[in-house]
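Scroll down for the structure; my scribbles are underneath it.
Letters A, B, ... mirror the listed sequences (proteins, then strands); counts begin at 1.
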Amino acid sequence: MTSVAETSPRKSSYGGAARRWSAIVWRELSTVAITMFGLLLITFLIARVVPIDPVLAIVGDNARPDVYDAARAELGLDKPLWQQFAIYIGKVFTGDLGRSVLTSNTVVDDIKRVFPATLELATLGTIFGCAIGIPLGVLAAVYQGRWPDQIARVIGLFGYSIPIFWIGLMALLLFYAKLGWVAGPGRVGVAFQDFVTPITGIVVIDAALEGEWEAFWDAWSHLILPSSVLALFSLAYVSRMARSFMITELQQQYVIAARVKGMSEFRVIWRHALRNAFVPLITVIALSYAHLLEGSVLTETIFAWPGLGRYITNSLLNADMNAVLGGTLVIGAVFIGVNLLSDILGRLVDPRTR
Amino acid sequence: MRAPDTPTEQPLLELDNLRVNFHTATGIVRAVRGLSFTLGRERLGIVGESGSGKSMTGRAILDLIPHPGEVLADRMVYRGQDLLTMDKRTRRKLRGRHISMVMQDPKFSLNPVQTVGEQIAEAYRVHHKASAREAKQRSLAMLEQVQIREPGRVYELYPHEVSGGMGQRVMIAMMLIAEPDILIADEPTSALDVTVQLQILKILDDLVTQRGMGLIFISHDLHLVQSFCDRVIVMYGGKAMETLPAAELADETARSRRHPYTLGLLGCLPDLDHPKAKLATLTRDPAWLA
């Protein structure tokens, strides 16, 4: 009865799977390399195009021509453009992004300090946003047009349209000033300033690793409010997208088939449909995460959070080009990294892309 | 092989005056308007054009009419159990275990992110207390019953890795593993290549006969229904135009007894042996739906 044409076109053996995966890894890595090169080229060109003379920034407006020329040669600016670019790439790969005029630290050291602050805020914001946004979107899709959907719609609208500086201030006013439930602006209280030795740079994790529980709770109490504010934005976006992906999935035939089998509605929704909705949802979550990782200047400013967004904005306002370009490079690299991660996760969830 | 049923046995399914209505903004859409039939351990065909309500009949029996729709009936009884008064939960437990359905296109009706084996085993474990290992053994045996040669290998495949014919066998395995009494086959072969259609029908037929199940075979293919079923209901506009033994569809001597709609459907069929210059089109009488 079974004919040859009826068997699967591809044998799936372990060897085959390994070959398929290694091909995927190669493709991903080459994409990353090309994107990274483009990123370096753009940051390099920005530095050449902006009307800020890096030599003048060092020697000052009244320097003698020979001092100016010496400084210019020292910076390598007298060499041809392609050589400068090669030198730039070499420096980036050896971890040299120059020195910040504003802080007089190396840019790498500065970023090592500010990026973990943004990372912890963005990560927690995304976790909160997904933990509430995904179930909310699923419920909105299941009860489409009925009251849970309306509630989700209002929450989504709220998250989208309320300015982050307003909700941030209001949250501080209510939960910090009035109720005293959480700590105020800043990353840690004055008593715990420089109390925890940086390991990862993320204060809550470092405190937990070192067993400093008082410092841990203090940092956590500072972290919860700004990350909740960021979560509101992420939640609004994720829940709307989760809703629309789930509506599509719930109309699919395999959902009816699962019901025909006698599966409970709970399993049909949360196991069968949601697992499929996750495939496009991963990309959405990754983009929203990457967006938060850029550093949200407003949130960081309101909560006096020493993060990447505030660092870059400050440097820009002070024409501190090394810091701006270093920060831009980091943001670009973060985007590439998050995209790569979402690609890998997507392939793990969806067997059709393996 | 079980012996054919004696007529004294209780029918599997009794339907009296089944109606399916959809309340929409523009008014009530009546998908099924008063269908009655009794199903024994037999192969009952339901034929009709698109929109005649044949698929909705199958969905109504399974309690799977989507949200704005409502199912009404004077009587809806599965082996002595009243389906109309039964609560949702008991109704759900009936699905798969007692009444099941093979759907049209395995490309869409299998979950793309789960291996076919997992999906079959899952259908077994919903209804039977069984360990994962036991469910897997059962599933492999079931795959063999639908004549898949390497069940162990196929078990691990994802739906996009199997052909249409194999996908439909997986579908049959999944829907029959809990050993239901009634199988609704909703256009089970219309998405398949002509060459594999007959194989799938043969597998379906063998399993239905072996297990002594009742089959409701929904199709728009008159030839198929005629050769495959015992009895046929011809539906139009949500109503049964007539019910007749399948063999009489082709019986020229019985023509005078046929409903004009059935004759109309038969008249629209092209015939290789007697080619017609022009195929007849259906004329529909509004009085049929009165």
Open item on the list: Does any backbone or side-chain atom of Leu64(B) lie under 4.5 Å from a heavy atom of chain A? Answer side chain, backbone, both or neither.
Closed with: side chain
Open item on the list: For the interface with chain A, which of Ile99(B), Val154(B), Asp105(B), Leu110(B) has the highest count of heavy-atom pairs at distances below 4.5 Å?
Closed with: Leu110(B)
- [ ] For chain B, find its close neighbours in residues 250-268 of chain A: heavy-atom separation under 4.5 Å, sorted by number, or none.
- [x] Gln253(A), Tyr254(A), Ile256(A), Ala257(A), Arg259(A), Val260(A), Lys261(A), Gly262(A), Met263(A), Ser264(A), Arg267(A)
Open item on the list: Looking at Phe37(B), I'd like to know if its CZ atom is crowded, meaning that more than 12 non-hydrogen atoms belonging to other residues, nucleotides or ligands lie closer than 6.0 Å.
Closed with: yes
Open item on the list: Heavy-atom cut-off 4.5 Å, strictly under: side chain, backbone, both or neither for Met101(B) against chain A?
Closed with: both
Task: Choice from Met175(B), Gln114(B), Glu122(B) maximising heavy atom contacts with chain A below 4.5 Å - done: Glu122(B)
TODO: Please identify each residue that fulfils side chain to side chain contact (heavy atoms under 4.5 Å, CB included) with Pro351(A), with sequence neighbours left out.
DONE: Arg354(A), Val113(B), Tyr158(B), His160(B)
- [ ] Using a cut-off of under 4.5 Å on heavy-atom pairs, state which of Pro180(B), Pro112(B), Ala123(B), Pro106(B) scores highest against chain A.
- [x] Pro112(B)
- [ ] For chain A, find which of Arg97(B), Gln104(B), Met171(B), Arg59(B) contributes the most heavy-atom pairs closer than 4.5 angstrom.
- [x] Arg59(B)
Task: Gln119(B), part contacting chain A, at a heavy-atom distance under 4.5 Å - done: both
TODO: For chain B, find its close neighbours in residues 270-278 of chain A: heavy-atom separation under 4.5 Å, sorted by number, or none.
DONE: Arg271(A), His272(A), Arg275(A), Asn276(A)
- [ ] Check whether Ala178(B) gets within reach of chain A through its side chain, its backbone, both or neither, counting any heavy atom under 4.5 Å.
- [x] neither
Open item on the list: More than 12 heavy atoms of other residues, nucleotides or ligands under 6.0 Å from CZ of Phe158(A): yes or no?
Closed with: no
TODO: Identify the residues of residues 81-96 of chain B whose heavy atoms come closer than 4.5 Å to a heavy atom of chain A, ordered by number, or report 'none'.
DONE: Arg92(B), Arg95(B), Gly96(B)
